[in-house]
Colleague: 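One structure coming up, written as structure tokens, with questions to follow.
When a ligand or atom number is given, it counts from 1 through the structure's own listing order. The first residue in the sequence is number 1, and the count goes up from there.
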Amino acid sequence: MNQFQYVRVTTPKAAVAAVTKDNSTVFLAGGTNLIDLMKREVTVPEKLVDITKIPLNTIEKTDKGLRIGALAKNTAVAEHELVRKHFPLLSMAINAGASPQLRNMATVGGNMMQRTRCSYFYDTAMPCNKREAATGCGAIGGYNRMHAIFGANDQCIAVHPSDMCIAMAALDAAVTVAGPKGERKILFADFHRLPGDTPWKDNTLQPGELILSVELPMNNFATNSHYLKVRDRASYAFALVSVGAALSMNGSTIQDVRLAMGGVAHKPWRLMETEQFLRGKSATEATFRQAAELAMKQAKGYGENDFKLTLAPNTIVEALKSAAKIA
Ligand code: SF4
């Protein structure tokens with residue numbers, strides 16, 4: 001591992017001041033992904049700014065919903081009484097990710113900032129546009145069974161690895177960040193980005209910006225929510241495909257719905273058009289099958305991940321059935 005400087009800060013202002021001077025400075029929170037990246041020299045920071053002593057771990061009710069501090073641990077969020085009661089989709093998604101030990105260390109902000117698990121990204125002997133611009137993409141034409149079927153291009157076909165973020169995107173969360181120009185809010189659905197011509201950028205944060213909190217608006221989805229994650233083994237595995245489904249029901253009629261997918265794109269993949277199709281429809285398997293077909297319109301396989309073109313619509317149908325509580 002390369003040598004680096006270490007500093008600890010106790011306020012957001014000090015954190016922002018510590019990084020804006022130097023682009024090779026990164027924030028350290030739980031470190032559950034960053035330390036791996038540093039050990040493998042995928043990321044070689046010159047300075048780590050330890051933000052763990054900043055008081056940003058509160059989970060609190062607000063006028064409009066719930067505010068979760070960026071340094072709240074994943075376990076604390078998943079087990080929090082208000083999250084379990086009002087946002088069970090978020091609890092389910094967090095508990096589907098990683099292992100208990102990792103969830104005890106990992107923070108909300110760190111979960112959002114984790115990098116893709118594309119194996120070429122972690123292998124510094126292989127080409128990877130995300131790790132090093134204009135070097136190529138080893139996964140295209142290579143081992144790509146974990147890779148994207150939506151929104152990818154010839155620059156990068158990696159997927160975003162988080163489960164928590166799929167639920168956050170589905171639940172219309174908003175992110176508050178602090179930076180050199182002050183605070184601003186970013187819709188969660190706009191926080192992560194598609195690869196475009198800059199695949200090394202995972203999100204829309206500006207240099208020096210620090211995540212302060214995530215806010216979830218209150219909703220009517222608590223009774224009919226389900227997070228379905230399909231993976232190679234029962235725990236401690238990233239999603240091949242996951243679906244976060246949340247319904248607001250009036251009898252058997254879908255009044256409102258939120259749907260987002262994981263393991264399929266460079267960002268949490270929200271299915272807005274499919275949601276619109278489902279509003280006002282009866283919750284039946286036939287309706288969900290039509291919805292899944294609509295959701296898959298833009299899907300494209302890259303060889304080894306072609307199985308996702310079948311797995312993804314089936315996962316959408318099963319997640320919706322579980323959320324609607326139909327057999
Ligand atoms: Fe790198 Fe993206 Fe290609 Fe993976 S898919 S090798 S992360 S450019």
Colleague: Looking only at protein heavy atoms, which one is nearest to atom 1 (Fe) of ligand 1, and what is the separation?
Modeller: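 Its nearest protein heavy-atom neighbour is Cys128 SG, 2.3 Å.
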Colleague: Students often mix this up, so state it plainly: with edges at 30° and 60°, are the rings of His192 and His160 parallel, tilted or perpendicular?
Modeller: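 Judged by the thresholds at 30° and 60°, the geometry between His192 and His160 is tilted.
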Colleague: Would you mind checking which non-hydrogen protein atom is closest to atom 2 (Fe) of ligand 1, with the distance to 0.1 Å?
Modeller: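 The closest heavy atom on the protein side is Cys156 SG, 2.4 Å.
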Colleague: As an exercise, identify every atom of ligand 1 less than 4.0 angstrom from a heavy atom of Ala139.
Modeller: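 In order of number, 5 (S), 6 (S).
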Colleague: If I take every N, O or S atom of Cys137, is at least one of them less than 2.8 Å from atom 3 (Fe) of ligand 1?
Modeller: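 Yes, Cys137 qualifies, because one of its backbone or side-chain N, O or S atoms lies under 2.8 Å.
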Colleague: Without swapping roles, check the side chain of Thr315 against the backbone of Leu311 for a donor-acceptor pair under 3.5 Å.
Modeller: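 Yes, the answer is positive, given that a donor and an acceptor are paired below the 3.5 Å cut-off.
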Colleague: Counting non-hydrogen protein atoms only, what is the nearest one to atom 4 (Fe) of ligand 1? Give residue, atom name and distance.
Modeller: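 Its nearest protein heavy-atom neighbour is Cys118 SG, 2.3 Å.
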Colleague: Of the protein's non-hydrogen atoms, which lies at the shortest distance from atom 6 (S) of ligand 1, and what is that distance?
Modeller: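 Going by distance alone, atom 6 (S) of ligand 1 is nearest to Tyr120 CB, 3.4 Å.
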Colleague: Cation-pi check for Phe277 against Lys281: NZ or CZ below 6.0 Å from the six-membered ring centre and within 45 degrees of the axis, yes or no?
Modeller: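 Verdict for Phe277: a cation-pi partner in Lys281.
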Colleague: Any idea which heavy atoms bring Val108 and Gly69 closest together, and the distance?
Modeller: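 The pair with the smallest heavy-atom distance is CB-O, 4.0 Å.
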Colleague: Select one of side chain, backbone, both or neither to describe which atoms of Arg131 lie under 4.0 Å from any atom of ligand 1, heavy atoms only.
Modeller: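 No part of Arg131 is near ligand 1 at this cut-off.
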Colleague: Could you tell me whether the side chains of Asn111 and Arg103 share a donor-acceptor contact shorter than 3.5 Å?
Modeller: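 Short answer, no.
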Colleague: I'd like to know whether ligand 1 has Met126 as a neighbour, heavy-atom separation below 4.0 Å.
Modeller: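 Met126 does not count as a contact of ligand 1 under the 4.0 Å cut-off.
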Colleague: Applying a strict 4.0 Å limit to heavy atoms, is Pro199 in contact with ligand 1?
Modeller: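 So Pro199 does not count as touching ligand 1.
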Colleague: Under 3.5 Å, is there a donor-acceptor pair between the Tyr143 and Ser119 side chains?
Modeller: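 Absent: no donor and acceptor within the cut-off.
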